[in-house]
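Keep in mind that this is a model prediction, so the values were computed, not measured.
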Amino acid sequence: MKNMIKQVFHSPKFVVGFVMFMLVFLTVLIYPLIVTGDPLEMIGNGAFFEPGTYVNVDEVVDSQQYKLHIDAKSKKIEKDLDQTTRDDMKEWLSKFGGVEESSIDTKDTAALLKLWQDHYSTDIKMTGLTAAKQKYFKRLGDTIVDIVNDEDLSIAEKDKESGELKEKTKIGSNVFARVSSISNRKTFILGTDNFGRDVLGELVSATKTSLKIGFAAGIVATLVGLLLGLIAGYVGGITDDIIMFITNLFTVIPSFVILILISYSIGNSRRGVGLVAIIIGITSWTWTTRSVRSQVISLRNRDHVNLSKLSGHSMFRIMICDILPYIASYVVMAFILQISTGILSEAQLSMLGLGPSTAKNATLGLMMNWAMQCSAYLNGKWWAYFPVILVIAIISFSLNLMNTGLDQVFNPQLRD
């Protein structure tokens, strides 16, 4: 056994895949111990908050203020003037402002604003444009005026006696607050989803649930495939014919179609995490059965097996003690692939709306389904779906690397 383990861990592919998988597995175990609380808690009052640190505005206003010699106004203007606005300014200046289009550089903010202030006027008639387009350019002019004007922000409070608002203080663009002195702040490393939930915490919880489904489905599929493969390969005859007929029947019909039909027939209210794992397992055993059967057929007439038969050992004991140890490495490889198949199948089912129906647990497939329903990929909300795709890819890639590494160790034809 020690020598076998050494051989396995001398395979570079297996080691890389094992390390990748263990990093995911350990993250799933350790993260909830550090960040406690409900991973599906709706923290954000709104959808798709961008990744970053959020601070309490009330504390920012009431915190100690620092006046710094920093040109905050220029940075604010650079941010507010997006490329679409700059292109529209260039269009107006070239058509109605009398400025050569080639001399307008939309990337030079200061020069663009100078041209706008020198040439823009509401009195200029914008002939050849629709009424809607003319109104748009007038709104654009007002917007740019608001952007350029550096007026202090007035903070008012209500007078307790009269009920009137009275100015409390003014905040200019050169006033700053120290973030570390603000106690109420929250960091969303991966932002929030369409329900206002922390994507990182949700992703860790979803990965844990999907791994459970993968392991449960893998165990069910491997045990069913192993049992039927052992019986068909060892007993043979009519038993083998019946088992292979059923196996071929399930092979001809795509397993994912069967999976969809079973999931749909069960109903949305009864599809829990455990039941979905079992459904995936009982539709994924066919190729394991066929492979185990072929391995057993090559072993059932070996000398040590015949000796056990002559000794009067039972069929069950012969299969477990004399045949199974010789195909154990293959069973482990099949189990690894079944885990990957289970995770991918759950993701596919959930994206179709046929996955686990639960409000207490998230899965990787459910996260993809929620992102699709709210068109996150069309709105540029990459943090709602890309990390999920990345985690699924890492898990599948690591498991397949482990399987390839094991195959190179135990398959003589693949050894260097």
Exercise. Any side-chain donor paired with an acceptor under 3.5 Å for Ser291 and Gln295?
Worked result: no
For this session: Might you point out which heavy atoms bring Ser11 and Val409 nearest each other, and give the distance in Å?
Result: CB-CG2, 3.9 Å
Exercise. Where do Leu401 and Phe14 land on the side-chain contact (heavy atoms from CB on, under 4.5 Å) test, with the steps shown first?
Worked result: CA-CA 6 Å; Leu401 265 183; Phe14 178 85; over 6 Å; no
Exercise. Within a reach of under 6.0 Å around OH of Tyr136, are more than 12 heavy atoms found that belong to other residues, nucleotides or ligands?
Worked result: yes
For this session: Would you please say whether a donor-acceptor pair under 3.5 Å links the side chains of Thr363 and Glu346?
Result: yes
For this session: Give the minimum heavy-atom separation between Pro356 and Ile213, together with the two atoms involved.
Result: CG-CD1, 4.2 Å
Exercise. Is the side chain of Asn369 donor-acceptor paired with the backbone N or O of Ser350 at a distance under 3.5 Å, no angle test?
Worked result: yes
For this session: Sorted by first residue and then second, give each salt bridge (Lys or Arg N to Asp or Glu O under 4.0 Å) pair with at least one member in residues 286-298; sequence neighbours left out.
Result: Asp240-Arg293
Exercise. Looking only at heavy atoms, which two atoms of Ile320 and Leu324 are closest? And how far apart?
Worked result: O-CB, 3.4 Å
For this session: Answer yes or no: is there an ion pair linking Lys114 with Asp118, defined by an N-O contact shorter than 4.0 Å?
Result: yes
Problem set entry | Exam field: side chain Thr192 to backbone Phe49, donor-acceptor pair closer than 3.5 Å | yes
Exercise. If we only count heavy atoms from C-beta on, is the Lys13 to Gln408 side-chain gap below 4.5 Å?
Worked result: yes
Exercise. Leu364 and Ala206: which non-hydrogen atoms are nearest, and at how many Å?
Worked result: N-CB, 3.7 Å
Exercise. Can you check whether Gly281's main-chain N or O pairs, donor with acceptor, with Ser284's side chain at less than 3.5 Å?
Worked result: no
For this session: I would like to know whether Tyr377 and Trp382 meet ring-ring contact (aromatic ring centres under 6.0 Å, His included); could you show each step before the answer?
Result: CA-CA 6 Å; Tyr377 53 95; Trp382 59 267; over 10 Å; no
Exercise. Can you find a pair of side-chain heavy atoms, one from Tyr31 and one from Leu200, that are under 4.5 Å apart?
Worked result: yes
Exercise. Is a side-chain donor or acceptor of Asn379 paired with a backbone partner of Ser375 at a separation under 3.5 angstrom?
Worked result: yes
For this session: Search all heavy atoms of Pro325 against all heavy atoms of Cys321 and return the closest pair with its distance.
Result: CG-O, 3.4 Å
Exercise. Does a sphere of radius 6.0 Å around NZ in Lys381 hold more than 12 heavy atoms from other residues, nucleotides or ligands, not counting ones at 6.0 Å or beyond?
Worked result: yes
Exercise. Given the side-chain rings of Phe188 and Trp383, with only the six-membered ring counted for Trp, is the space between their centroids under 6.0 Å?
Worked result: no
For this session: Return yes when atom CD of Glu50 has more than 12 non-hydrogen atoms of other residues, nucleotides or ligands closer than 6.0 Å, and no otherwise.
Result: no
Exercise. Would you say the side-chain atoms of Glu100 and Ser94 include a donor-acceptor pair closer than 3.5 Å?
Worked result: no
Exercise. Take atom OH in Tyr120; do more than 12 heavy atoms of anything else shown fall under 6.0 Å from it?
Worked result: yes
For this session: Give the ring-plane orientation class for Phe96 versus Trp92, where under 30° counts as parallel, over 60° as perpendicular and anything between as tilted.
Result: tilted
For this session: Applying side-chain contact (heavy atoms from CB on, under 4.5 Å), run through Val305 and Ile318 and close with a yes or a no.
Result: CA-CA 7 Å; Val305 176; Ile318 292 173; 3.9 Å; yes
Exercise. Taking the side chain as C-beta and beyond, is there a heavy-atom pair between Leu354 and Val276 under 4.5 Å?
Worked result: no
Exercise. Between Thr27 and Val204, which heavy-atom pair has the shortest distance, and what is it?
Worked result: O-CG1, 4.1 Å
Problem set entry | Over 12 foreign heavy atoms within 6.0 Å of CD, Glu101 | no
Seminar exercise, completed: By side chain to side chain donor-acceptor pair (under 3.5 Å), Glu59 pairs with (sequence neighbours left out) Ser183, Asn184
Exercise. Hey, is NE2 on His119 packed in by over 12 heavy atoms from elsewhere, all under 6.0 Å?
Worked result: yes
For this session: Show your working on side-chain contact (heavy atoms from CB on, under 4.5 Å) between Ile327 and Val296 and close with a plain yes or no.
Result: CA-CA 8 Å; Ile327 62 172; Val296 174; 4.3 Å; yes
